Structure formats: C-alpha cells, structure tokens
Amino acid sequence: MKDRRCVIIGGAEIKEYDRIRSYLKEDDFVIYCDSGLRHAEGLGRKPSLIVGDFDSYENPHADTETIVLPVVKDDTDTVYAAKEGMRRGFREFLMLGVFGGRMDHTLANVYQMFDLESKGCTVLAADDYSEFTVISEGGTARVSDRYPFFSLLNMTGTARGISIRGAKYTLDGAEITSGYQYAVSNEVLPGQTAEITIKEGRLLLIMDL
C-alpha cells in the first residue's frame with residue numbers, strides 16, 4: 001500500500017463538506033468509523049471498509065466489508081481503524097471528523113496521530129477550522145501564509161532545539177514542555193513561509209485556515 005493513503009472518518013461534526021471533500025483523492029482507502037457513516041453522503045465517498053461497535057450509529061449491513069467490534073473493548077473505533085490500516089500496509093493517513101464534540105475522543109485521536117507517527121507513518125488531520133500534523137525530532141515543517149495562524153503544542157515530556165523562522169514570533173533552540181504551552185497563535189509573515197525545526201521530542205502543529 002506504499003502509494004495509497006488510508007483515510008479514517010470519524011463521527012465528529014463536519015460543516016464545511018466542500019472544503020473537507022477537497023482533501024480526498026480518488027484512490028484513497030476510506031474507513032468509516034461507526035457514526036462517521038453519517039458523513040458519507042456529504043463527502044460523496046463510499047466506504048472501502050466500515051469499522052465500529054455501532055453503539056452510536058445503526059449497522060447498515062451493506063455489501064461493503066464491515067468489521068463489527070464489541071462494545072466493551074480497549075480501543076475506540078477510530079484507534080482500531082488506525083491499527084487496521086497499518087495492518088493492511090498503509091503508511092500514509094488522513095483523519096477527518098475526529099476532532100470536536102467529546103473531548104475524550106478528541107484527545108485520544110490526537111494521541112493516535114502521535115502513535116502513527118512514532119511507527120513511521122505520515123499523518124494529517126483536518127476539521128472545519130484547522131489542519132493538524134506531527135513534527136518529530138530532526139524534522140522540518142513549513143507553513144505558508146495562506147494560514148492566518150499556527151501553533152505548536154507539546155503533548156508529553158519536553159521538546160528541545162525548536163527553531164521558528166519566517167514568523168512573527170521566532171525561536172532559536174528553544175524548549176517547550178508539556179506543562180507550559182507558549183507557542184500558540186503565531187503568524188506567518190506576509191509573503192513568507194515559516195520554517196519550523198525540532199531536534200528532540202515531538203510537537204503537534206496546528207495550522208488555522
């Protein structure tokens with residue numbers, strides 16, 4: 001599955017269907033998780049796979065391959081879908097409809113992004129307002145001025161050697177701990193592209209649209 005992408009669609013609210021639909025590619029492998037199925041019509045994409053315990057959405061009993069999960073389990077439907085995508089050989093992931101609504105599920109999905117990245121996958125998530133990705137040690141990310149704001153959040157431990165160029169607020173070899181989030185609401189300078197590098201640790205990059 002080296003050249004294909006796995007798209008995981010959860011049940012969180014999506015209002016901007018036209019914009020979210022623009023992320024999808026023709027050959028994506030699309031997994032709908034339980035109540036994520038309510039987005040199928042708005043996104044205009046049929047599922048490649050359906051996963052869920054169907055405690056929040058009725059099992060459609062469609063011809064599409066469906067994995068029915070027990071209600072009592074350790075993994076959420078979305079986490080199971082991510083693991084299933086990896087089991088099938090996917091290493092690029094897009095997550096939609098996974099942020100918003102229940103905070104517990106939102107945070108679990110953020111940490112799922114970190115888990116995927118730690119296993120060598122690339123992962124992008126998007127909602128009605130922002131795009132999200134993970135920057136790991138030795139990595140570089142670039143943010144164009146099409147994004148009004150961007151933020152860096154450290155979800156665990158201490159990230160070190162953080163530098164930001166081409167933005168209103170710059171950093172040079174800085175640290176961000178999980179206990180003090182000061183790199184929020186930065187701005188790309190007009191006509192420039194901000195460049196973010198990190199030497200140690202991992203950060204969540206949020207780019208507001």
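Everything quoted here is computed from the prediction, not taken from an experiment.
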Just so I know, are the side chains of [X] and [Y] near enough to count as touching, which here means a heavy-atom distance under 4.5 Å?
{"X": "Y32", "Y": "L43", "result": "yes"}
{"X": "V79", "Y": "D77", "result": "no"}
{"X": "Y182", "Y": "T177", "result": "no"}
{"X": "T158", "Y": "I176", "result": "no"}
{"X": "M207", "Y": "S130", "result": "no"}
{"X": "L205", "Y": "V143", "result": "yes"}
{"X": "Q112", "Y": "T78", "result": "no"}
{"X": "L49", "Y": "F29", "result": "yes"}

Pair [X] + [Y]: basic N to acidic O under 4.0 Å:
{"X": "K73", "Y": "D53", "answer": "yes"}
{"X": "R165", "Y": "E195", "answer": "no"}
{"X": "D128", "Y": "K15", "answer": "no"}
{"X": "D27", "Y": "K25", "answer": "no"}
{"X": "E175", "Y": "R160", "answer": "yes"}
{"X": "K83", "Y": "D75", "answer": "yes"}

Does any donor atom in the side chain of [X] or [Y] lie under 3.5 Å from an acceptor atom in the other side chain?
{"X": "S56", "Y": "D34", "value": "yes"}
{"X": "E131", "Y": "Y23", "value": "yes"}
{"X": "E117", "Y": "S136", "value": "yes"}

Shared ILVMFWY cluster between [X] and [Y], side chains joined below 4.5 angstrom?
{"X": "L24", "Y": "V123", "value": "no"}
{"X": "I164", "Y": "I135", "value": "yes"}
{"X": "M86", "Y": "V51", "value": "yes"}
{"X": "L37", "Y": "I9", "value": "yes"}
{"X": "I20", "Y": "L209", "value": "yes"}

Query raised in the report: Which word best sums up how the rings of Y111 and F114 line up, parallel for under 30°, tilted for 30 to 60°, or perpendicular for over 60°?
Result: tilted
Requested in this report: With side chain to side chain donor-acceptor pair (under 3.5 Å) as the test, would you mind laying out the steps for H39 and Y17 before giving the verdict?
Outcome: CA-CA 9 Å; H39 298 309; Y17 280 112; 2.7 Å; yes
Query - N186 (side chain) donor-acceptor with S151 (main chain) under 3.5 angstrom - result: no
**Report entry** Check: R38 side chain, G11 main-chain N or O, donor-acceptor pair, under 3.5 Å
**Finding:** yes
